[in-house]
Visitor: 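Quick one: structure below, then a few questions.
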Amino acid sequence: MQDLYLHNSQTRRRELFVPANPSHVRVYVCGPTVYDLPHLGNVRAFVDFDVLVRLLRTLYPRVTYVRNITDVDDKINARAAASGEPIGAITARTGAEFQADMAAIGNQPPDVQPCATAHIPEMISVIEKLIAGGHAYEAEGHVLFAVASFSEYGALSGRSPDDLLAGARVEVAPYKRDAGDFVLWKPSAPDLPGWDSPWGRGRPGWHIECSAMSWRYLGTDFDIHGGGSDLIFPHHENERAQSLCAFPGSDFARVWLHNGMLQVNGEKMSKSLGNFFTLRDVLARAPWEAVRLLLLSARYRTVLDFSDTGLTEARDAMDRFYRALQNAPAGAHAPVPEAFLAALCDDLNTPAAIAELHALAGPALAGDAHAAAALKAAGNLLGLLQQRPEDWFRGDGDDSAILAAIEERLAARRARDFARADTIRADLAAQGVVLEDGPTGTTWRRTN
RNA sequence: GGUCCGGUGGCAGAGUGGUGAUGCAGAGGACUGCAAAUCCUCGAAUGCCGGUUCGAUUCCGGCCCGGACCUCCA
């Protein structure tokens, strides 16, 4: 079997991936907070981890992929207060939109998508373990994690507790023992979501849900934890501290993977900056496979700058791949090519993998049916190239007017009335239909 | 200010201690009524300064520039 190497952000090194149990690989990825439509930066992360899981599924017999849904959060509360829409309605609606968008970009559903609000008892249980172990304390109705109780605190994000204080941007609540202490549980006002707990009616802090739900579905130790690089601190640092202290002797996640941010015009795309495109904005301008190819055209760890040029190029590349696929006999199957698999096994080197796609497209276009079948098999690992080529080029819709115009143009060409033929072709082009005259006749495709 | 990541042709983007992938764009040609698509050919890059080395784009140090994070974030 191909060795898989991954860049572990905890050690900051590329390491051979060795699952704790090769017959069952376990992966946890931080999912969305459901209060708005996913933007393209969110989508990049989930596409990257979708490819990771597809790869793991080809290398290992069983993979459990857990991705949480955060449906209790102060941003959700703020959105509800601002819009008047009830919290439950916001989370239900945007949760459904999230699922629809994941399907629209070609991501396979995770095995488990636990909601935070359905796992309050597990969170309370973890918090109780932390208090019992001397890692958490109650203060003014809050339960706080005591950073000083965990000597490894800061190891994941590479900072010392002292560094964290130096440039702190927020005021330190007076009830904290240390400035770095963070909330596990906090009191909730009567008009906000709350659950009964040993510390009164309240709601969880941000980080505890992931500790609770990874424990519930993957156990105290698992193989890979993924998320955006902006989550390394504080979210993952705190999550790790909670889990390691609640379950002494465990390793929690053994490999941490963090995807780079997506930028637009050199600036980070994020909800708080208000410069984001939702996935739906982008899908209105290009087919989903072009968007997906663009997102995979840079390595997951690097910053990716989104541009219209890139979108156009990705679309043209998909055109070429699907053209090549037209030479695959129906039902032809080929194994995933070695070089392609090797690229993905090198820390998900998707640009190198896409270069292999191009290397297959050449022979396939020249009529090599095996190369075409291999191209399709490789594309499948990226979540691409599984449509019929005619659907990619022409899609659904009423083609009768187009076909009639093509017939008329063919008649004009036979009569050597090229002016008329060119007029028809130009008219179709204006409608987004490109004609291509080949040795076997005229074919057509949509470009919008 | 602190921690971390990165700077490769016109653009995007890999890799590598010893002729620097791939795609787009560009130039020339084949094919075509003309195009489109396809094919052939070509030109074009390692931020700056040192160090180690027979040899550095790669390793080390400094500098410059960009980005992420420093309790909202994928």
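Each chain gets a letter, A, B and so on, in the order its sequence line appears, and its residues count up from 1. Just the heavy atoms: all of them, side chains too, but no hydrogens, waters or symmetry mates, feed the values below.
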Visitor: Under 3.5 Å, which protein N or O atoms sit close to an N or O of nucleotides 21-24 of chain B? Give each pair with its distance.
Guide:
| from | atom 1 | to | atom 2 | distance (Å) |
| --- | --- | --- | --- | --- |
| B/G23 | N2 | A/Glu313 | OE1 | 3.4 |
| B/C24 | O2' | A/Glu313 | OE2 | 3.3 |

Visitor: Ignoring the backbone of A/Leu231, work out which of B/U71, B/A74, B/G33 is nearest its side chain.
Guide: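 Looking only at heavy atoms from C-beta outward on A/Leu231, the closest nucleotide is B/A74.
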Visitor: Check every strand shown and say whether A/Arg445 touches a base, only sugar-phosphate, or nothing at a heavy-atom separation below 4.0 Å.
Guide: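 Sugar-phosphate contact only - A/Arg445 comes under 4.0 Å of backbone atoms but never of a base.
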Visitor: Under 4.0 Å, counting only non-hydrogen atoms across every strand here, what does A/Gly310 touch: a base, just sugar-phosphate, or nothing?
Guide: nothing
Visitor: Using atom CG of A/Asn349 as one end and atom P of B/U16 as the other, report the distance to the nearest whole Å.
Guide: 9 Å
Visitor: Picking from B/G33, B/A36, B/C39, which would you name as closest to the side chain of A/Leu365?
Guide: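 The answer is B/C39, which lies nearest to the side chain.
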Visitor: Of all the nucleotides listed (B/A74, B/A37, B/C5), which has the minimum atom distance to the side chain of A/Asn259?
Guide: B/A74
Visitor: Once you round it to whole Å, what is the distance between P of B/A36 and CD1 of A/Ile424?
Guide: 19 Å
Visitor: Considering only heavy atoms, which members of residues 137-145 of chain A lie under 4.0 Å from some atom of RNA chain B?
Guide: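 None, since no heavy atom is under 4.0 Å.
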Visitor: When you check the gap from the basic side-chain N to the acidic O, do A/Asp437 and A/Arg409 get nearer than 4.0 Å?
Guide: yes
Visitor: Quick one: do A/Glu15 and A/Arg13 make a salt bridge, cutoff under 4.0 Å?
Guide: no
Visitor: What interatomic distance, in whole Å, is found between P of B/G1 and the corresponding atom of B/C60?
Guide: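 Each nucleotide's P atom is 24 Å from the other's.
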Visitor: On RNA chain B, compare the nucleotides closest to A/Asp305 and A/Phe418; which residue's is nearer the 5' end?
Guide: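 Closest to the 5' end, via its nearest nucleotide, is A/Asp305.
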Visitor: Which part of the nucleic acid, if any, lies within reach of A/Leu357 when heavy atoms closer than 4.0 Å are counted: base, sugar-phosphate only, or nothing?
Guide: nothing
Visitor: Can you tell me, in whole Å, how much space there is between the P of B/G43 and that of B/G47?
Guide: 22 Å
Visitor: Whether A/Asp74 and A/Arg203 form a salt bridge (side-chain N of Lys/Arg under 4.0 Å from carboxylate O of Asp/Glu) is what I want to check.
Guide: yes
Visitor: Scan A/Arg13 against the nucleic acid and name what it touches under 4.0 Å (heavy atoms): base, sugar-phosphate only, or nothing.
Guide: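 Since no nucleic acid heavy atom lies under 4.0 Å of A/Arg13, the category is nothing.
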Visitor: Restricting to nitrogen or oxygen on both sides, can you table the protein-nucleotides 64-67 of chain B pairs closer than 3.5 Å?
Guide:
| from | atom 1 | to | atom 2 | distance (Å) |
| --- | --- | --- | --- | --- |
| B/G67 | O3' | A/Gln263 | NE2 | 3.4 |
| B/G67 | O2' | A/Gln263 | NE2 | 3.4 |

Visitor: Heavy atoms under 4.0 Å is the rule here; annotate nucleotides 26-31 of chain B 5' to 3' with B where the base is hit, S where only the sugar-phosphate is, and - elsewhere.
Guide: ------
Visitor: Report yes if a donor N or O on one partner sits less than 3.5 Å from an acceptor N or O on the other, where the partners are the side chain of A/Asp230 and the base of B/C72; otherwise report no.
Guide: no
Visitor: Validate the cation-pi geometry between A/Arg67 and A/Phe49: distance from NZ or CZ to the six-membered ring centre under 6.0 Å, angle to the ring axis within 45°.
Guide: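 Judged by the rule, A/Arg67 and A/Phe49 form no cation-pi pair.
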Visitor: When you compare B/C48 with B/G13, how far apart are their C1' atoms, in angstrom units rounded to a whole number?
Guide: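 Here B/C48 and B/G13 have their C1' atoms 23 Å from each other.
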Visitor: Take atom P in B/A27 and the same atom in B/G67, then report the distance between them in whole Å.
Guide: 34 Å
Visitor: Could you work out which one of B/A37, B/U71, B/G13 sits closest to the side chain of A/Asn238?
Guide: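 Ranking B/A37, B/U71, B/G13 by closest atom to the A/Asn238 side chain puts B/U71 first.
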Visitor: Hunt down the Watson-Crick or G-U wobble partner of B/C42, both distances under 3.5 Å, from any strand shown, or write none.
Guide: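 Its partner is B/G26.
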Visitor: Output the single nucleotide from B/U71, B/C69, B/G13 whose closest atom is nearest the side chain of A/Ala298.
Guide: B/G13
Visitor: Does any part of the side chain of A/Trp256, heavy atoms only, come nearer than 4.5 Å to the side chain of A/Leu156, both counted from C-beta?
Guide: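 Contact flag for A/Leu156/A/Trp256 side chains = yes.
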Visitor: What does B/A14 pair with, Watson-Crick or G-U, if both distances are under 3.5 Å?
Guide: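 Pair assignment: B/A14 / none.
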Visitor: Using the C1' atom on both, measure B/A74 against B/G51 and round to a whole Å.
Guide: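 40 Å, rounded to whole Å.
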Visitor: Pair A/Phe222, A/Phe252 - check ring-ring contact (aromatic ring centres under 6.0 Å, His included), show working.
Guide: CA-CA 6 Å; A/Phe222 54 97; A/Phe252 194 45; 5.1 Å; yes
Visitor: May I ask you to say whether A/Arg285 pairs ionically with A/Asp281, meaning some side-chain N is under 4.0 Å from a carboxylate O?
Guide: no
Visitor: Show me the donor-acceptor pairs within less than 3.5 Å that the side chains of residues 348-359 of chain A make with the rest of the protein, sequence neighbours left out.
Guide:
| from | atom 1 | to | atom 2 | distance (Å) |
| --- | --- | --- | --- | --- |
| A/Asn349 | OD1 | A/Ala352 | N | 3.1 |
| A/Thr350 | OG1 | A/Leu296 | O | 2.6 |
| A/Thr350 | OG1 | A/Ala298 | O | 3.4 |

Visitor: Establish, from distance only, whether the side-chain atoms of A/Asn68 and A/Tyr28 form a donor-acceptor pair under 3.5 Å.
Guide: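 Looking only at side-chain atoms, A/Tyr28 and A/Asn68 do form a donor-acceptor pair, the distance falling under 3.5 Å.
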Visitor: Ignoring hydrogens and angles, does a donor from either the side chain of A/Arg301 or the base of B/C5 sit under 3.5 Å from an acceptor on the other?
Guide: no
Visitor: When the aromatic ring centroids of A/His119 and A/Tyr217 are compared, is their separation below 6.0 Å?
Guide: yes
Visitor: Strictly by Watson-Crick or wobble contacts shorter than 3.5 Å, is anything paired with B/A68, and which nucleotide is it?
Guide: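 Base-paired to B/U3.
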Visitor: Could you list the donor-acceptor pairs under 3.5 angstrom formed by side chains in residues 369-378 of chain A, with sequence neighbours left out?
Guide:
none

Visitor: Both A/Ser297 and A/Gly362 contact RNA chain B. Taking the nearest nucleotide for each, which residue is further toward the 5' end?
Guide: A/Ser297
Visitor: Describe the nucleic acid contact of A/Asp73 in one word from base, sugar-phosphate, nothing, applying a heavy-atom distance below 4.0 Å.
Guide: nothing
Visitor: Please work out if A/Arg413 contacts a base, only the sugar-phosphate, or nothing of the nucleic acid, heavy-atom cut-off 4.0 Å.
Guide: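 Result for A/Arg413 = base.
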Visitor: To the side chain of A/His39, which of B/C34, B/A74, B/C5 is closest?
Guide: B/A74
Visitor: Can you see whether A/Tyr300 engages A/Asp347 through a side-chain donor-acceptor pair at a distance of less than 3.5 angstrom?
Guide: yes
Visitor: Can you tell me which nucleotide in B/G33, B/A14, B/U71 comes closest to the side chain of A/Thr302?
Guide: B/A14
Visitor: Considering every strand shown, what is the Watson-Crick or G-U wobble mate of B/G50 when both distances are under 3.5 Å?
Guide: B/C60
Visitor: Does this structure show an ion pair linking A/Asp316 with A/Arg320, if we count only N-O contacts that are shorter than 4.0 Å?
Guide: no
